[in-house]
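Just below is one structure, and these are the notes that go with it.
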Amino acid sequence: MTTTPVIEVDHLTKLFGNFTAVDDVSLAIEQGEIFGFLGPNGAGKSTTIRAILDLIRPTSGTCRVLGLDSRKDAVEIRRSLGFLPSDLALYPNLTGKQTLQYLANLRGGIDWAWVDTLTARFDADLSKKVGELSSGNRQKVGLIQAFMHRPRVVILDEPITGLDPLVQLEFHNLMREHVGEGNTVFLSSHTLSEVERVADRVGFIRRGHLIAVEAMADLQDKALRRITLEFPEPVPAGDFQGIEGVHEVSAEGASVTAQYEGSMAPLLKAATAHGVLSVSSATVDLDEMFLEFYRDEVEASGEAEQGSAA
Amino acid sequence: MLRTVYLKSIRDRWLGASIAVGSLFLVAWMGLWAYADSDDAVGEYMASLPDAYTSLLGVPQDSGTAGLMLANMFNFLGPFVLCGIAVSMGAQAFAGEERDGTMNLLATVPRSRSRLLASKTLAATTIIVAASVLSFASYVLAAAISGSDAGSLNLAAAAVHLGAVTLAYGAFALAVGALTGNRGLASGAGTGLIVVSFLASGLLPMIEGWAGIAKIFPWYYIGGAQPLINGVNWTQVVVLVAIAGALAGLAWWGVNHRDLRSADTSGSLLDRLRDNPYLERSLALLAGSGSSRGLVSKALSDSRAVLTIAAGGLFMVLVMQGLMFPTIQDSLGGLVEALPEAMMAMVGFADFTTATGWYFGEGLSITAPIAVAVVAIGAGAALAGEEKRRTVSVVLGTPTSRARFAWSKAAAMAVGSVIVGAAVAAGIAVGNLIVGLGLDYGNILAAGALTAGLGAVLGGAAFFAGALTGRSVIATGFGTGVAVLGWGINAFIPVNPDLASWAKVSPFYYYATPNPLEAGLTLSHLGVLLGVAAVLVAAGVLAYGRRDLNG
């Protein structure tokens, strides 16, 4: 069993003129995992990916895929790699089939039975010209070309753009199967629900800084939950601050909202004392979780706006 | 009129138009400067010519050599540049927004299609009129600073005629685009009309009894009434402007009576023809089916349409020129014999009495370079085009190296140039065979090889600029700039013996000196063309491997 990470980004920095798109990012993705790369628009997700693909060159730092250098061994790497660029652009005058043939000829050794299987699973129409397809149907062609050679590494940049929920589901199943066979998926997205659903680990990037990398299971364990309590009359938020496990409290009229981790009991005890009328609870989503856990790092990265900090 | 739409259209176009006018100025100034230093004897000789001869050239006697140069700017180079801008703007005006998909946004603002069209039309008219006026002013300036005497030439009148003709071409492209919503069709039809008009109005009047037919083409009215001598023929100008107005009216009707298109779903002209069951089989043969076979064949099939039209059109034009030669020879014989050698070389229709001179002057000096330039520059810029359309990300996601990708595009450019070169050789050979002109087939082959070599240099320039910057606009602009300046340098500089050796900086010198149809292949000249092309391509591949790709 080798310990070499499948994808290794080592102190990657990329400047465009004076603008720092990616600042000293390091991460390692292991074999057999789906790594979710999460961040808002313009955070540096695509820049990182394009550096791994050798479409752009690092200002400093290196990228390695399967132990090979992304610059020196770019062609060798791409033999075992499938890539779906963000904002996919294909040749409008080729049909889906011709597009796949073209790319297959550049790769060599494509199993067309597998391509047919993928086509059927995504319900893709390969007979039409790509220029006549809707963006979702064009995205299907992009997904097929990324998986058609059963690559050991798949890098997907915003893959579900335009896909309907059924196809999204099929695509997530495919990703699961693919890593089940010992392959690796690097999934960049700003869609939290997608990353939450399929990723084994999540990296969170903002303004070019990698804020944190967490295993999904750990995140869910210490997942914050949010509770809303309704009282017969207004209650000051301060009465709930400092209670064990409670992170954040806000009061609006007769309702109090609090985030907590671990047991709900101490919070409920305090609520009962105020004659609580009703309780409703929900899980906080990934983004808020990150903002909460990594407030300091996020602020250090220059993040100004803070929605929940009241 | 919508002010913002109008201003945006102007903003999008003023730079390109300014560069074009600037190039015209440079060519005019360079030519006038070369002529101004040349032998006074030429001027004196011109003054001694009978009226009939000078009026055939479209210049008055007292205007001297400067008149020849300016007549060239007004009758050949200027119209091509200005009409090209007009067609491009006319086609882009309405249909371009549909192709780009931006019409979906524009059409949802609470403004009528008519107003949208009017604003865009007015912007195009503004640019065309401004370009005409500025190019006229730049010629006057060029004449002044080069110390040339334009004599009694009526430059303003020629500019008025040129402007009116330019408007007509622009309106034609506008109407086709507005009626069909297909930008490619509009610019293709407009360019086709320019080329056909140019050939028709140049060739038809030389054939007895056919001169009248030339008058149905707008190009004829640029110099037909000889405005440089006679001043403005207002009837012609008013009719041209009225035709432009009628075409704009047709465009107005068109945009208000059809569905708007969304984004790039139109498909090529070839595709539409292919949908016709009767044509399907033969077109499949013509086009081939290998568009997705590999990098080079894909790249070649991308330029298939322009290659088919350019090479096929060139072949037919050259065959026709062969067929026309016997007629021309009879009507021009007497005139040409009266002129001395030096004079003939300058005028450019040097020895139309010989088959080699005729093919050289009519086919090789203008038509063939344009055809090979269009094909090669387009194919050379295609590497940058993949970045503009962002398809490069998918291609380079496969195990293809950047160098291999770039070399493949360069190879397709070279193959395209060779195909046009083959069309040149084939066209002249067929013309030669049918009429029995007695040309040497080895020399004909040499002309084809040199055409391919010229294409490789021009395409190589576009390739290099595109590979270096990743911007297809810069690639096309650089390739076209090299072509226009190179042509101008080679055409005008050698007139002055003191400057003649400067022509060697132009690729056209190695292409056209000496006339391959007479002298055969000058191996060292072909070597220079291929060597320069190879250096440009190699430098381009190197640059392409060293930078960040766009997309």
Side-chain angles (χ1 to χ4, degrees), chain A residues 14 16 46-47 49-51 53-59 71 73-95 97-110 128-135 141-142 145-146 148-149 151 154-155 157, chain B residues 99-101 182 184 261-272 274-275 287-305 382 385-405 408 470 544-551:
Chain A
K14 180 64 187 175
F16 293 112
S46 292
T47 305
I49 287 175
R50 291 174 68 76
L53 262 290
D54 189 43
L55 290 167
I56 58 176
R57 273 68 190 268
T59 307
R71 285 209 58 177
D73 309 310
V75 173
E76 196 51 44
I77 287 172
R78 292 188 213 131
R79 281 188 215 289
S80 352
L81 184 138
F83 175 49
L84 176 72
S86 70
D87 238 340
L88 175 72
L90 297 169
Y91 301 96
N93 58 342
L94 296 189
T95 63
K97 184 82 176 175
Q98 287 172 325
T99 306
L100 294 179
Q101 278 169 347
Y102 180 52
L103 296 171
N105 289 341
L106 294 177
R107 290 197 168 277
I110 296 297
K128 272 194 188 152
K129 292 202 174 217
V130 170
E132 294 164 11
L133 294 176
S134 69
S135 66
V141 178
Q145 66 83 29
M148 68 180 175
H149 50 298
V154 186
I155 299 180
D157 201 347
Chain B
R99 195 194 74 135
D100 296 341
N182 186 334
R261 285 159 175 261
S262 157
D264 192 12
T265 60
S266 52
S268 69
L269 192 61
L270 212 61
D271 289 330
R272 221 165 308 164
R274 203 181 292 135
D275 289 340
S289 55
S291 57
S292 57
R293 214 178 292 141
L295 289 173
V296 179
S297 57
K298 166 80 171 68
L300 263 180
S301 74
D302 286 343
S303 50
R304 174 175 68 199
E386 296 253 4
E387 282 181 78
K388 184 186 173 193
R389 295 182 309 183
R390 295 184 291 104
T391 45
V392 68
S393 297
V394 171
V395 176
L396 292 187
T398 70
T400 306
S401 71
R402 286 194 192 184
R404 190 177 148 224
F405 186 49
S408 307
Y544 192 66
R546 281 162 187 257
R547 65 174 171 87
D548 291 348
L549 300 182
N550 305 323

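Taking 4.5 Å as the limit, every side-chain heavy atom of Tyr102(A) sits out of range of all side-chain heavy atoms of Thr398(B). Residues Leu396(B) and Leu55(A) form a side-chain contact, since some pair of their non-hydrogen atoms from C-beta on lies under 4.5 Å apart.
Of all heavy-atom pairs between Leu549(B) and Ile56(A), the closest is O-CG2, 3.8 Å. The shortest heavy-atom contact between Gly397(B) and Leu53(A) is CA-CD1, 4.3 Å.
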Would you list the atom pairs, donor with acceptor, under 3.5 Å between side chains in residues 79-86 of chain A and any protein atom, with sequence neighbours excluded?
unit_1	atom_1	unit_2	atom_2	d
Arg79(A)	NE	Glu76(A)	OE1	3.3

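Contacts with chain A were tallied for Arg389(B), Glu386(B), Arg402(B), Arg546(B); Arg402(B) has the most, counting heavy-atom pairs under 4.5 Å. Between chain B and the options His149(A), Arg107(A), Gln101(A), heavy-atom pairs under 4.5 Å are most frequent for Arg107(A). Ranked by heavy-atom pairs under 4.5 Å with chain B, the first of Asp87(A), Ile77(A), Leu88(A) is Asp87(A).
For Lys97(A), no part lies under 4.5 angstrom from a heavy atom of chain B. Contacts of Asn550(B) with chain A are made by backbone atoms alone, with heavy-atom separations under 4.5 Å and no side-chain atom involved.
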Decide side-chain contact (heavy atoms from CB on, under 4.5 Å) for Leu106(A) and Phe405(B); before the verdict, give the C-alpha distance in whole Å, the side-chain angles of both, and the deciding distance to 0.1 Å.
CA-CA 10 Å; Leu106(A) 294 177; Phe405(B) 186 49; over 6 Å; no
Check the pair Leu94(A) / Lys298(B) against side-chain contact (heavy atoms from CB on, under 4.5 Å), numbers first and verdict last.
CA-CA 10 Å; Leu94(A) 296 189; Lys298(B) 166 80 171 68; 3.5 Å; yes
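With Arg50(A) contributing its side chain and Asp548(B) its backbone, the two residues share no donor-acceptor pair below 3.5 Å.
The salt bridge (Lys or Arg N to Asp or Glu O under 4.0 Å) test applied to Arg404(B) returns no partner, not counting sequence neighbours.
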